[in-house]
Number of protein chains: 2
Amino acid sequence: MSEYQALVDRVRQHGLRLTRQRSTILRALYELHGHASAEKIHERIRSHHGDVDLSTVYRTLEKLRDLRILSQTDLGRGCAEFEVVARQPHHHLICQSCGRVIDLDHAYLVPAEQAIRRDFCFEPTLDHLAIFGLCHACRRAEAVAD
Amino acid sequence: MSEYQALVDRVRQHGLRLTRQRSTILRALYELHGHASAEKIHERIRSHHGDVDLSTVYRTLEKLRDLRILSQTDLGRGCAEFEVVARQPHHHLICQSCGRVIDLDHAYLVPAEQAIRRDFCFEPTLDHLAIFGLCHACRRAEAVAD
DNA sequence: ATGCATGCAAATTGTTTGCACTTCA
DNA sequence: TGAAGTGCAAACAATTTGCATGCAT
């Protein structure tokens, strides 16, 4: 079963109706693999599939996020970014200076995650964290400038 | 020397002009201790001090953030929140269901921070992280509902 | 005095909403 | 059939910008 099919099935299982718009949005999301803003998804659909109203895109993304089929993250680009929730959570290091995005394996956060769960009975949604900072290159550049 | 005076000095040290607006914004920020949105700061100023244009508030906050005098965080309330950077970093657990905010000591993130620095030569700005999830009470409520 | 800062008003951007119409289950 | 979903246009809210004027250094 394709990954796309699996997505469609999950939507169905939650009792959502499978409309043309929804399957198109899922397809676009799958094709864009990686994060995508509502706007980007909308564009992709306009250029590769039929058309779906932007407000429908927003409504659908919100619904899928609530069902935890998608994760929503703020990558510091001034808009929400969505992604299909992976079996394996993954995170991002975002350089505040050059904008570079580095993938970060979930293993780095497991200790913190466990401690938080243990000490606060708080279940963190750590499937897609954004950590801002300075990358190697920009750190250097800044050191020189000082 | 008061904390407020220290703030003013830091602004000066960075070569910024100390205008009436800027010192008012710093004062409001100090008085509000804790996070505050541009809007909230603006309101505080209107009710307790003279008046400063909202756009000036935005411009100032941006500048102070760039100088790392302030930290900017997205606490999921649909607007940016600012806070004077503390000597001691601190973080927040935010319940996606009820909106409750729980303080999280920096110690929880030290291992991750060190590993990231070591493995990626990436300097994370971990002075104010927001971790979303479900608090104890909401976890329970959800378990019952299922 | 000069250039950084401000106020004002208008523009932008991302997102949400009301409502009549459509469509899937 | 009936509730859930959609398109459209309009409303919103947060933030940004252009430009003439003002003030700290």
Side-chain angles (χ1 to χ4, degrees), chain A residues 7-29 35-46 49-67 69-70 72-83 96 130, chain B residues 7-29 35-46 49-67 69-70 72-83 96 130:
Chain A
L7 271 183
V8 168
D9 287 351
R10 288 183 65 193
V11 169
R12 277 221 161 89
Q13 279 159 24
H14 280 284
L16 292 192
R17 290 186 185 171
L18 191 61
T19 61
R20 188 199 105 242
Q21 293 73 343
R22 280 187 183 156
S23 59
T24 308
I25 290 169
L26 286 174
R27 176 151 282 145
L29 222 22
H35 336 97
S37 63
E39 197 69 59
K40 205 175 270 177
I41 291 166
H42 187 231
E43 271 170 31
R44 168 85 198 176
I45 292 174
R46 294 205 61 153
H49 309 282
D51 188 23
V52 172
D53 194 78
L54 183 56
S55 69
T56 300
V57 173
Y58 274 106
R59 281 190 275 233
T60 303
L61 292 175
E62 185 189 358
K63 200 150 277 185
L64 296 179
R65 187 246 290 142
D66 288 347
L67 295 175
I69 289 173
L70 300 182
Q72 175 174 354
T73 316
D74 173 14
L75 259 26
R77 303 208 191 106
C79 64
E81 311 219 28
F82 295 83
E83 181 166 18
Q96 288 167 319
Chain B
L7 271 182
V8 168
D9 287 351
R10 290 184 65 193
V11 168
R12 275 220 161 89
Q13 278 160 25
H14 279 285
L16 292 192
R17 290 189 185 168
L18 192 60
T19 61
R20 189 199 105 243
Q21 298 64 350
R22 281 187 182 155
S23 60
T24 307
I25 290 169
L26 286 174
R27 176 151 283 145
L29 222 20
H35 336 95
S37 63
E39 196 68 60
K40 208 175 267 176
I41 291 166
H42 186 234
E43 272 171 31
R44 170 84 198 178
I45 292 173
R46 297 206 59 157
H49 311 281
D51 188 21
V52 172
D53 194 78
L54 183 55
S55 69
T56 300
V57 174
Y58 273 106
R59 282 190 273 232
T60 302
L61 293 176
E62 185 189 358
K63 200 149 276 185
L64 296 179
R65 186 245 290 141
D66 288 347
L67 295 175
I69 290 174
L70 299 182
Q72 175 176 356
T73 316
D74 173 15
L75 258 27
R77 304 210 188 106
C79 64
E81 311 219 28
F82 295 83
E83 180 165 16
Q96 288 168 319

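Just so we're on the same page: letters track the sequence lines, and every chain starts at 1. Just so we're clear, the structure is a prediction, and the values are computed from it rather than from any experiment.
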Q: Quick one: salt bridge (Lys or Arg N to Asp or Glu O under 4.0 Å) partners of B:E83, sequence neighbours excluded?
A: none

Q: Got a sec, which residues hit side chain to side chain contact (heavy atoms under 4.5 Å, CB included) with A:A130, two or more places apart in sequence or on another chain?
A: A:T73, A:L75, A:I94, A:F132

Q: Considering residues at least two apart in sequence or located in another chain, which fulfil the ring-ring contact (aromatic ring centres under 6.0 Å, His included) criterion with B:H35?
A: B:H92, B:H128

Q: Quick one: salt bridge (Lys or Arg N to Asp or Glu O under 4.0 Å) partners of A:R44, sequence neighbours excluded?
A: A:E31

Q: Applying salt bridge (Lys or Arg N to Asp or Glu O under 4.0 Å), name anything that partners A:R12, two or more places apart in sequence or on another chain.
A: none

Q: May I have the distance from B:H42 (atom NE2) to D:dA13 (atom P), rounded to whole angstrom?
A: 16 Å

Q: By side chain to side chain donor-acceptor pair (under 3.5 Å), which residues pair with A:Q96, not counting sequence neighbours?
A: B:T125

Q: Return the minimal non-hydrogen interatomic distance between A:A80 and A:Q72, and the atom names on each side.
A: CB-NE2, 3.3 Å

Q: Which nucleotides of nucleotides 1-10 of chain D have their base under 4.0 Å from a protein heavy atom (B), which only their sugar-phosphate (S), and which neither (-), written as one string 5' to 3'?
A: -BBBSSBB--

Q: Quick test of your reading: applying side-chain hydrogen bond (donor to acceptor under 3.5 Å, both in side chains), list the pairs with at least one residue in residues 13-25 of chain A, sequence neighbours left out, ordered by first then second residue.
A: none

Q: For B:R77 and D:dC12, give me the distance from atom CZ to atom P, rounded to whole Å.
A: 23 Å

Q: On DNA chain C, reading 5' to 3', which nucleotide is the first and which the last to sit with an atom under 4.0 Å from a heavy atom of chain B, could you check?
A: C:dG3 to C:dC8

Q: Can you run down the side-chain hydrogen bond (donor to acceptor under 3.5 Å, both in side chains) pairs that involve residues 52-63 of chain A, sequence neighbours left out, and say none if there aren't any?
A: A:D53-A:S55, A:S55-A:R59

Q: Quantified as the angle between the terminal helix axes (five pairs each), what is the overall bend of the helix from C:dT12-D:dA14 to C:dA25-D:dT1 to 10 degrees?
A: 30°

Q: According to side chain to side chain donor-acceptor pair (under 3.5 Å), who are the partners of A:R46, at least two apart in sequence or on a separate chain?
A: none

